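This report concerns only the one structure given below.
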Amino acid sequence: MTQAQPTHTTHTAGRVRVLTGAKPTADLHVGNYFGAIKPAVEASLDPAKEMILMCADWHGLTDRAKILEPGKHTAGLLASYLAMGFSLEKNMIILQSEIPEIPEIAWYLSCVSAIGLLERAHAYKDALQSGKEPTAGLFNYPILMAADIVTFDAQIVPVGKDQLQHLEYASDMVKLFNNAVGRPVLFEPKALVQETQLLIGIDGERKMSKSYGNHIPLFAAKKDIEKRIKEVKTDSKGLDDPKDPETCAVWQILKSFGSKDAIDYMEDRLRKGTGYGYGHAKKDLMDEHERVFGSKRELYEHYLNSPREMAQLLAPSNSQARHIAATVRQRVRDALGLGIL
Ligand code: AMP
């Protein structure tokens, strides 16, 4: 049941604040573009939404063996979103580790949350079951995620089904906190559960993922991308046989980023078959990859090589986000009677 929401929030009139997180843990591939980058870029162009895209580098630290990963991939993640056209005009791209209010608010949330709640979290249970030794960081991760959300008075948080539990936890923590202080102070977010389809990898079997080694990079050198596309697994139908696009990984991958014309063209040629083999389809996939991502790759590399320019571009986002976070922090401290000096 939703409780009363705080009356004074930091929301922008006429726009719904949407918070999306992205973890900087690997170089991006076409699956990331399809499932995460494209929807965020489109949402940033929607006048009814105010997007906060958070590069969640702290979240990437919870595995001790991979603690250096976020530092390696953060600039690439930020450069990718900028190169892909995320609009900063009325939205923000922020770096979690630049917002000290988040861990402070996480502490307050941890003081109203029962340990049992965290013990039931999927990520922690999975780590225990697979014999890993979870860090306290992994154990506390749902609290940090809830703090990300409430620190920005987020109204909507798009999540995959696997993250829904964490959103429910965030709502629970808001209720527990508001009940403990006796008034609505934190804003309770709503989850927007996304039924995103998973893009298939070049093995034609599993979802595209760097950990399966079946991915096509977004911004690698042209010859590396070409090599990956040549490896896309197909059946043994001959040049002139009619082929089913629905079971063809080349077409499935094209559908995730190609223009309507390119998608329709390949579909038609595959179905008819005559004179159009999988080699032709792979060549068309390569050309479309280059057409869609080639110019973005230049921009991406430009940003990567100009960290100052990127920092300047993101400075307004950072200061706006810091302002929101400071306002919410003050609201919370006032409710707790803290910070009297
Ligand atoms: P990961 O780094 O694998 O956790 O991926 C980050 C995000 O990219 C996910 O939360 C998805 O939104 C998206 N993503 C990754 N792989 C795929 C895929 N094969 N199909 C669709 N979306 C994906």
Side-chain angles (χ1 to χ4, degrees), residues 18-44 51-63 65-81 83-84 86 93 95-96 121-123 126-127 138 141-142 144-145 148-149 156-167 191-220 225 228-229 231-233 246 248-258 285 289 292-293 300:
V18 180
L19 183 102
T20 296
K23 223 165 38 167
T25 45
D27 290 331
L28 297 168
H29 54 72
V30 174
N32 298 128
Y33 172 75
F34 173 65
I37 303 178
K38 193 166 136 195
V41 170
E42 282 171 2
S44 79
M51 285 285 293
I52 301 183
L53 176 71
M54 178 187 290
C55 172
D57 50 354
W58 276 331
H59 285 292
L61 302 174
T62 57
D63 180 343
K66 296 187 182 157
I67 205 160
L68 295 177
E69 292 298 301
K72 285 184 206 153
H73 295 289
T74 291
L77 186 92
L78 297 174
S80 302
Y81 277 90
M84 288 297 179
F86 185 95
I93 296 183
L95 185 55
Q96 188 185 27
H122 297 318
D126 290 351
L138 181 75
Y141 161 80
L144 187 60
M145 182 166 157
D148 296 337
I149 296 167
I156 302 282
V157 183
V159 281
K161 275 195 191 133
D162 56 331
Q163 286 286 325
L164 188 57
Q165 187 198 40
H166 288 145
L167 246 284
L192 181 67
V193 182
Q194 293 184 311
E195 302 284 342
T196 16
Q197 268 179 288
L198 286 177
L199 180 63
I200 202 153
I202 62 169
D203 55 3
E205 283 169 18
R206 293 177 294 182
K207 71 159 191 167
M208 189 178 285
S209 165
K210 194 149 186 225
S211 50
Y212 298 145
N214 65 355
H215 60 292
I216 298 177
L218 271 190
F219 294 128
I225 291 165
R228 306 293 287 176
I229 289 179
E231 286 169 18
V232 179
K233 206 166 152 196
E246 300 298 335
C248 172
V250 182
W251 187 69
Q252 293 298 336
I253 295 171
L254 178 77
K255 253 190 1 174
S256 72
F257 67 83
L285 178 62
H289 189 292
V292 175
F293 300 123
Y300 165 78

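Read the numbers this way: they start at 1 and go in the same order the structure lists the ligands and their atoms. All values derive from a computational prediction rather than experimental measurement.
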The side chain to side chain contact (heavy atoms under 4.5 Å, CB included) partners of Q165 (sequence neighbours excluded) come to A121, H122, Y169
Any idea which residues sit under 4.0 Å from ligand 1, heavy-atom distances? H29, G31, N32, F34, G35, A36, Q197, L198, L199, K207, M208
Whether the side chain of Q194 engages the backbone of G160 through a donor-acceptor N/O pair (distance < 3.5 Å, no angle test) should be reported. no
Any donor-acceptor N/O pair, H215 side chain to P217 backbone, under 3.5 Å: no
Side chains of H59 and D148: is there a donor and an acceptor less than 3.5 Å apart? yes
Could K72 and E69 be called an ion pair, given the rule that one side-chain N must be under 4.0 Å from one carboxylate O? yes
Would the Y33 and F293 ring centres measure less than 6.0 Å apart? yes
